[in-house]
Amino acid sequence: MIGFWWKPLLTLGAAALLATVLGLIFGPLAAVSLFCLSLLVLYLVQLWNLRALDRWLRKPEEESLPDGVGLWEEVFANLYRLLKLQSRSQQQLVSALERLQNAARAIPDGVVVLNGQDQIDWCNPVAERHFDLDLARDRGRQIIYLMRQPAFVAYLAAHSHSEPLVMKCPRNRDNTLSVQLVPFGNDQKLLISRDITQLERVETMRRDFIANVSHELRTPLTVVGGFLETMIDVGEMDEEQRRDYFRLMQDQTRRMQRLVEDLLTLSRLEGPQTTLAEEHVDMPRLMQLLHSDAVSLSGGRHRVTLEVVAPQGLTGSESELHSAFGNLISNAIRYTPEGGEIALRWEMRNGEGVFSVRDTGEGIEHQHIPRLTERFYRVDRSRSRETGGTGLGLSIVKHVLTRHQGKLEIDSEPGKGSTFRAVLPARRLTAAS
Ligand code: ADP
């Protein structure tokens, strides 16, 4: 503080001393005039500095801060230091905000920041996609003018937002969003959205799967239960009828057994911990085995032919491949009427290994083909059940082939027959053994 005063006091003291010396030489009038003149000069200097400060304050971003004269030199220097400090902390704030916005942009969920009037302050690109927004266009607009779905409007107006709202995506009605409002700060809100389409699909598949399995098990259980009830009620029964009942019950229990076995196979194939056995599969030998299985399964009702055109083998799980190829053969036999032909073939095509089963059976209408590998999908339910099908065979085939990086190709013509091809990649082929 003393540092501030000594300069002006020294200036005033010097002016007073000069005036006194002049007064001694030229009289008191000269002394007073000189002193007044000095005060006037000092006053003008203050005014000049004030004017410079005023000019700078009006356009601080255009004008540079004046240097100042006298006392003002230090005032301006202090002001300059303050400005530098302020701009540094402002830069820090801006970069912190940028980091936050970058982080919010990278979040896989949609984020919309709403102010107290539910106007959009900011949103990330995911939210733009989810709610069909454009930040540049919609900033400052009220969200309910942009999202008019009644369920959303009601959710926004509700007092409690502890539960998320499940709604259709405004941009793409096939997708489903889970939306939650989270209050923060001073009356502000975060609107968080998550695309749950995939989750919903999985949930629907799970529900359908349980319903299908229950249905598949209920039918044979009802049949077995019915026979048992009849046998208890009737009491005495002739031997032949009793044997008939037992045989029918046995058919139904076998059906349940097949279903449970197929379900277990599927769950083992789908399990993430099941690693694929990488063993050598001698395909020509396996083809012979499959052929004799097919002949005995057909029981002489079909002509079953075998062609092993390629000597190559495969690397993979022999038991899985055996079961997949066996499923294709069993389908061909089950869906081909007596007298038909079933041709098994192992060949090379463009460097890939192709196992095919061609039949002259009932064939499949074009529209069913893409869905055949879905669990429990059947073209004709009663035909599948009559022939002992579980509706899971082609699902198992698809899983086994996928595990071997292969694929299933289906060609079929109703009334003429079908060809199912299991195509295995070149890197799985091994030289003839
Ligand atoms: P399923 O146990 O019912 O045979 P799959 O998954 O093996 O179940 O087959 C699904 C459906 O594909 C069958 O219900 C049947 O309608 C059809 N299908 C499969 N293979 C053949 C075939 N070779 N000829 C005609 N239809 C077939």
Side-chain angles (χ1 to χ4, degrees), residues 205 208-209 211-213 215-220 251-270 290-291 293-295 297-299 301-306 320-345 354-403 406-423:
M205 268 170 68
D208 288 353
F209 182 69
N212 275 322
V213 172
H215 180 76
E216 294 292 330
L217 285 173
R218 196 180 54 191
T219 318
D251 283 351
Q252 297 303 324
T253 47
R254 281 204 185 119
R255 186 170 148 194
M256 285 189 275
Q257 211 171 351
R258 268 197 306 275
L259 180 66
V260 172
E261 270 161 18
D262 277 359
L263 284 172
L264 287 174
T265 307
L266 256 187
S267 92
R268 193 166 33 78
L269 290 173
E270 284 177 347
L290 288 165
H291 180 248
D293 287 351
V295 170
L297 196 65
S298 156
R301 285 175 293 128
H302 310 93
R303 200 166 84 84
V304 186
T305 63
L306 170 70
E320 286 183 21
L321 289 170
H322 191 159
S323 128
F325 299 156
N327 263 313
L328 294 180
I329 294 170
S330 126
N331 279 353
I333 291 170
R334 289 190 297 115
Y335 297 107
T336 304
E338 198 165 344
E341 190 185 321
I342 288 153
L344 313 183
R345 195 176 158 91
V354 181
F355 166 83
S356 63
V357 185
R358 186 171 45 78
D359 65 53
T360 55
E362 58 198 51
I364 306 157
E365 300 236 15
H366 182 71
Q367 73 271 21
H368 297 292
I369 291 180
R371 300 197 57 192
L372 290 183
T373 55
E374 286 176 23
R375 297 158 172 177
F376 298 113
Y377 188 86
R378 287 144 158 151
V379 177
D380 179 346
R381 285 192 170 267
S382 56
R383 176 99 179 86
S384 159
R385 290 213 185 92
E386 258 168 42
T387 58
T390 59
L392 296 172
L394 290 181
S395 280
I396 294 176
V397 173
K398 187 185 160 195
H399 267 91
V400 169
L401 292 180
T402 308
R403 276 161 68 78
K407 58 178 191 270
L408 179 67
E409 290 178 358
I410 306 170
D411 283 338
S412 191
E413 217 177 306
K416 294 216 166 132
S418 320
T419 305
F420 284 74
R421 286 187 207 89
V423 183

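Atoms within each ligand, like the ligands themselves, are counted from 1 in listed order. As a basis for the values below, the full set of heavy atoms in this structure was taken, side chains included, without hydrogen atoms, waters or symmetry mates.
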Working to the nearest 0.5 angstrom, can you tell me the gap between I329 CD1 and D359 CG?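 Output value for this atom pair is 11.5 Å.
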Distance check, rounded to the nearest 0.5 Å: L297 atom CG versus L290 atom CG? 11.5 Å
Side-chain donor-acceptor contacts of residues 256-265 below 3.5 Å, not counting sequence neighbours, with atom names and distances?
{"unit_1": "R258", "atom_1": "NE", "unit_2": "G388", "atom_2": "O", "d": "3.0"}
{"unit_1": "D262", "atom_1": "OD2", "unit_2": "T390", "atom_2": "OG1", "d": "2.6"}
{"unit_1": "T265", "atom_1": "OG1", "unit_2": "E261", "atom_2": "O", "d": "2.8"}

In terms of ring plane angle, is the pair F325 and F355 parallel, tilted or perpendicular, where the classes change at 30° and 60°? parallel
Should E341 and R358 be marked as a side-chain contact (heavy atoms from CB on, under 4.5 Å) after you check the CA-CA gap, both sets of side-chain angles, and the distance that decides it? CA-CA 8 Å; E341 190 185 321; R358 186 171 45 78; 4.3 Å; yes
Could you tell me if R383 sits above the aromatic ring of Y335, with its cationic atom closer than 6.0 Å to the ring centre and no more than 45 degrees from the axis?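 Because its charged atom misses either the 6.0 Å distance or the 45° angle limit, R383 does not stack over Y335.
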Who are the residue neighbours of ligand 1 when the rule is a heavy atom under 4.0 Å from any of its atoms? N331, A332, R334, Y335, D359, I364, L372, Y377, R378, V379, S384, G389, T390, G391, L392, G393, L394, S418, F420
